[in-house]
Amino acid sequence: MIQGVILITGTSGYLLNSLTKSGAIAAILTGLAVYFGFGVKGLFLLGAFFATSSLWSKYKSAAKASIEEKLAKGATRDWRQVAANGGAAALFSIIYYFQNESLWLMGFSVSLASANSDTWASEIGSLSRNNPIYIRTFKRIEKGTSGAISLLGSAAAISGALLITILTMLLFHLPVYESLIIFLFGFLGNVIDTIVGAYYQQEYRCVNCGIHTEKKVHCGKPTRRIKGVPFVDNDMVNFLSGLIAAILAISLIHLS
């Protein structure tokens, strides 16, 4: 029965234009992995992330239209975006299925808190009245630039991590200490994302209009890479930041 619900949910995401076909398949596989690992409670956490992130992606989408010119992808998520945000959670779910230890619940929760924190920061922060501050120069820069922060985005990041933390604490009856770690490292994942995005994520310049963008093709022509490490795109940054934050949290719990 639950497997059917997962299938329907993934299909609905495609029909509602929140997911591409590949994104829907990836979401279904992620959902199955989480269900086998953490059951309905894990699915609820995963669903809270995907539902709220999709909601904020659609919220005031017209106001974000100009920003999407800088982004490699829009609000409709493909398999890479699903894997970037849910891949670490699926990985920890599979590990937990074979090795039933609370450490993997911590990794699962932190990775989702990180993904939620980063998504809320990006989607809500882009609605800030003022342009964000770029952490490499501490000067204001165009909205949608990786590695930039704003007061509204930071508040959204804290709220996104806090939501997953509260839900995890209630669903899995975690003590305050472990819940605090989920919150702190969930928010840390967003900080890591910002730092890696500023220094290592690829950025391109359109040879026609001169815009700085994450897209490899703009104005119908290949763009020129001006910054970043090859293969380190936004999806890779999202995946690595959540995974690193989760590993750090697991290490702290293990050593304490």
Side-chain angles (χ1 to χ4, degrees), residues 1-58 61 68 71-98 104-105 107-123 146 160 163-164 167 186 189-190 193 196-197 201-202 214-216 231-247:
M1 179 179 177
I2 298 298
Q3 292 90 328
V5 173
I6 295 171
L7 179 61
I8 292 172
T9 302
T11 304
S12 298
Y14 169 69
L15 295 176
L16 293 173
N17 204 36
S18 293
L19 297 167
T20 64
K21 286 184 180 180
S22 68
I25 294 172
I28 291 170
L29 293 176
T30 300
L32 289 172
V34 170
Y35 174 64
F36 287 132
F38 296 103
V40 176
K41 294 179 180 180
L43 278 181
F44 187 87
L45 271 183
L46 181 67
F49 161 64
F50 277 116
T52 58
S53 62
S54 296
L55 174 65
W56 287 122
S57 294
K58 301 294 183 182
S61 57
E68 290 188 1
L71 304 179
K73 299 170 184 176
T76 304
R77 291 172 170 80
D78 61 15
W79 74 269
R80 287 178 60 86
Q81 289 169 290
V82 173
N85 291 296
L91 174 63
F92 288 119
S93 299
I94 294 171
I95 296 174
Y96 184 81
Y97 178 80
F98 291 102
W104 308 122
L105 171 60
F108 170 75
S109 303
V110 169
S111 65
L112 282 183
S114 172
N116 211 46
S117 179
D118 177 60
T119 301
W120 284 34
S122 299
E123 297 296 343
S146 295
L163 174 66
I164 297 300
L167 291 177
N190 172 69
D193 185 282
V196 176
Q201 182 176 328
Q202 296 177 115
E214 296 176 2
K215 298 179 179 180
K216 294 183 178 180
F231 307 112
V232 180
D233 58 8
N234 186 63
D235 293 331
M236 180 65 73
V237 172
N238 288 342
F239 176 75
L240 289 177
S241 59
L243 183 63
I244 291 171
I247 291 174

Is it true that a side-chain atom of [X] and a backbone atom of [Y] form a donor plus acceptor pair closer than 3.5 Å?
{"X": "S241", "Y": "N238", "value": "yes"}
{"X": "N85", "Y": "Q81", "value": "yes"}
{"X": "S114", "Y": "V110", "value": "no"}
{"X": "T119", "Y": "N116", "value": "no"}
{"X": "S117", "Y": "A113", "value": "no"}

To the closest 0.5 Å, what do you measure between [atom1] ([X]) and [atom2] ([Y])?
{"X": "F50", "Y": "L112", "atom1": "CZ", "atom2": "CG", "value": "8.0 Å"}
{"X": "S111", "Y": "W104", "atom1": "OG", "atom2": "CH2", "value": "12.0 Å"}
{"X": "S122", "Y": "D118", "atom1": "OG", "atom2": "CG", "value": "4.5 Å"}

Identify each donor-acceptor pair in which a side-chain atom of residues 36-47 lies under 3.5 Å from a protein atom, sequence neighbours left out, and give them as a table.
| unit_1 | atom_1 | unit_2 | atom_2 | d |
| --- | --- | --- | --- | --- |
| K41 | NZ | L171 | O | 3.1 |

| request: Indicate yes or no: at least one non-hydrogen side-chain atom of F49 is less than 4.5 angstrom from one of L163. | output: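 In short, these two side chains do not touch, never coming nearer than 4.5 Å.
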
| message | Name the residue from Q202, R80, K216 that meets the side-chain hydrogen bond (donor to acceptor under 3.5 Å, both in side chains) definition with D233. | response |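 Only one option passes, and that is R80.
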
Just list the side-chain donor-acceptor pairs under 3.5 Å for residues 20-33, sequence neighbours left out, or say none.
| unit_1 | atom_1 | unit_2 | atom_2 | d |
| --- | --- | --- | --- | --- |
| T20 | OG1 | S22 | OG | 3.1 |
| T20 | OG1 | G23 | N | 3.1 |
| T20 | OG1 | R77 | O | 3.4 |
| S22 | OG | W79 | N | 3.2 |
| T30 | OG1 | A26 | O | 2.8 |

For residues [X] and [Y], report the shortest heavy-atom separation together with the two atoms involved.
{"X": "T52", "Y": "A48", "value": "OG1-O, 2.7 Å"}
{"X": "A89", "Y": "F108", "value": "O-CD1, 3.4 Å"}
{"X": "Q201", "Y": "V237", "value": "OE1-CG2, 3.7 Å"}
{"X": "T11", "Y": "L7", "value": "OG1-O, 2.8 Å"}

| task | Hey, can you tell me if W56 and W120 have their rings parallel, tilted or perpendicular (30° and 60° cut-offs)? | result |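 Geometry flag for W120 against W56: perpendicular rings.
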
